[in-house]
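All values below were derived from every heavy atom in this structure, side-chain atoms included, with hydrogens, water molecules and symmetry-related copies excluded. Read the numbers this way: they start at 1 and go in the same order the structure lists the ligands and their atoms.
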Amino acid sequence: DAIDAARTPYATHQWQVAPILAGTSAPKDPEPVTNPADPADSPGTVAWASAADVDTALEAAKPWGVPASERAAVLNKVADLYEENFGELFAIIHREAGKMVFDAVAELREAVDFLRYYAANAPEATPVGTFTCISPWNFPLAIFTGQISAALAAGNAVISKPAEQTPLISHLAVQLMHRAGVPKEALQLLPGAGDVGAALTSDSRVDGVAFTGSTDTALKIRAAMAANMAPGAPLIAETGGLNAMIVDSTALPEQAVQAIIESAFQSAGQRCSALRCLYVQEDIAGPFIEMLTGAMDALSIGTPWSLSTDVGPVIDEEARQGIADHIQTARAEGRLMHELKTPNAGTFIAPSLIRVNGIGDMEREIFGPVLHLATFRSENLDDVIDAINATGYGLTFGLQTRIDDRVQHVTDRIHAGNMYVNRNQIGAIVGSQPFGGEGLSGTGPKAGGPHYLARFCRHDAPR
Ligand code: ADP
């Protein structure tokens with residue numbers, strides 16, 4: 001059932017990438033990019049952007065001053081090129097980010113949806129100016145493309161800083177955008193780490209920032225913008241979550257277990273929407289946890305190329321170590337309830353289940369295949385809801401129940417951007433079910449929703 005990587009044209013391909021500027025970039029020494037699933041494989045090299053490159057990009061940036069219909073046509077052409085270059089995009093996502101087949105395909109679909117949705121809604125309104133777009137590694141094509149295509153649809157100039165873990169996919173994406181007709185002054189790429197991001201969010205030549213990543217970084221960016229940019233400069237931030245699910249004693253157990261397994265362990269838990277803390281009603285907890293750990297045992301952990309793999313690697317060694325330390329602490333404290341066996345090579349972490357008294361015990365988001373479990377006694381869910389709301393995050397929330405009144409009761413009280421009832425806690429649909437959180441989870445408006453593009457337009461522009 002494994003796909004033979006040697007049969008694919010990109011199995012040994014080497015991508016060599018560097019900043020893409022509307023000006024010249026001084027040559028520099030490239031560094032290797034790693035494949036998280038296979039320490040012996042390097043899919044290519046990256047020449048990181050320098051401080052001089054940041055300056056060059058800021059000087060050269062120019063808004064995309066063509067009619068909305070023309071921007072829309074070009075963005076639709078980008079979507080066509082993504083579809084035509086599916087194989088290469090797929091191979092990069094797979095080798096650079098260690099994504100599984102299913103996840104990589106879903107990601108490409110989402111990126112194309114963003115392009116076509118923002119193209120269809122491209123406003124005539126005047127742009128804000130130059131936007132910095134900073135993206136994470138967990139959706140290195142979809143989030144990257146979503147931010148950029150919204151900013152471009154509104155006619156802004158974009159300077160993009162992809163995550164340092166995934167420079168290769170962003171480079172091909174920008175090449176395809178230029179090939180489709182986006183001018184170079186309207187879209188430049190600066191591969192780099194947090195220092196490049198910091199330079200691009202603390203410069204008065206920047207007029208707005210779109211950011212997806214951690215809450216801590218979003219707060220730093222807000223402070224840097226406040227000190228250096230106009231008071232009205234927009235920050236559109238999508239950040240982390242401490243996402244919970246409640247399973248009450250009326251829930252259908254098989255349905256709930258499957259939803260939990262997918263929500264917590266799909267993409268190795270590396271989704272901002274992933275389930276982190278499960279609340280199970282005490283009177284069903286014994287048999288339910290047994291069923292849950294049984295379902296965990298059936299998960300297969302291994303190469304992302306295999307169609308039967310359920311859990312692939314985490315992004316890099318630093319991430320692996322951080323998650324392993326968290327599990328080790330739980331083990332030492334006698335709170336590790338269940339754990340699978342981790343493969344030896346690559347940056348894999350096997351799924352685990354950790355006991356907590358409540359979500360308040362969790363200090364931060366653990367970005368991996370680790371599920372925390374608490375039980376609750378009361379027939380009234382309000383204490384649990386209060387505890388979840390008290391984290392200050394508000395991204396996704398799941399509920400498994402067969403009491404109809406309870407759905408409305410919980411919906412009215414829970415602070416969450418996206419709520420999922422009797423299903424897995426995964427996914428959004430560009431256009432109809434946009435994604436985004438509140439509180440510590442983001443500024444809104446939701447990506448792929450009707451209000452998102454407006455944030456990339458001058459607020460006094462005619463609409
Ligand atoms: P994570 O790596 O956990 O997704 P981060 O917030 O560290 O979250 O990273 C998200 C993006 O923000 C990455 O592209 C990263 O390089 C960038 N970044 C990190 N630190 C800063 C900073 N101080 N200013 C701007 N961008 C930053």
Colleague: List below, pair by pair, the N or O atoms of ligand 1 and of the protein that are less than 3.5 Å apart, including the distance to 0.1 Å; reply 'none' if no pair qualifies.
Modeller:
| from | atom 1 | to | atom 2 | distance (Å) |
| --- | --- | --- | --- | --- |
| ligand 1 | 6 (O) | Ser214 | N | 3.0 |
| ligand 1 | 6 (O) | Ser214 | OG | 2.8 |
| ligand 1 | 6 (O) | Thr217 | OG1 | 2.7 |
| ligand 1 | 8 (O) | Ser214 | N | 3.4 |
| ligand 1 | 14 (O) | Ser135 | O | 2.9 |
| ligand 1 | 14 (O) | Lys161 | NZ | 2.9 |
| ligand 1 | 16 (O) | Lys161 | NZ | 2.5 |
| ligand 1 | 16 (O) | Glu164 | OE1 | 2.7 |
| ligand 1 | 24 (N) | Ala198 | N | 3.4 |

Colleague: Sequence neighbours left out, what passes salt bridge (charged side-chain N to carboxylate O under 4.0 Å, His left out) with Asp386? Give chain and number order.
Modeller: none
Colleague: Of all residues at least two apart in sequence or in a different chain, which pass the side chain to side chain contact (heavy atoms under 4.5 Å, CB included) check with Asn138?
Modeller: Pro136, Ile143, Phe367
Colleague: Can a side-chain donor-acceptor contact be found between Ser267 and Asp103 if the only test is distance below 3.5 angstrom?
Modeller: yes
Colleague: Would you please say whether a donor-acceptor pair under 3.5 Å links the side chains of Ser214 and Thr217?
Modeller: yes
Colleague: Ala18: what forms a side chain to side chain contact (heavy atoms under 4.5 Å, CB included) with it, not counting sequence neighbours?
Modeller: Ala47
Colleague: Tell me yes or no: between the side chains of Thr239 and Tyr393, is some donor less than 3.5 Å from an acceptor?
Modeller: no
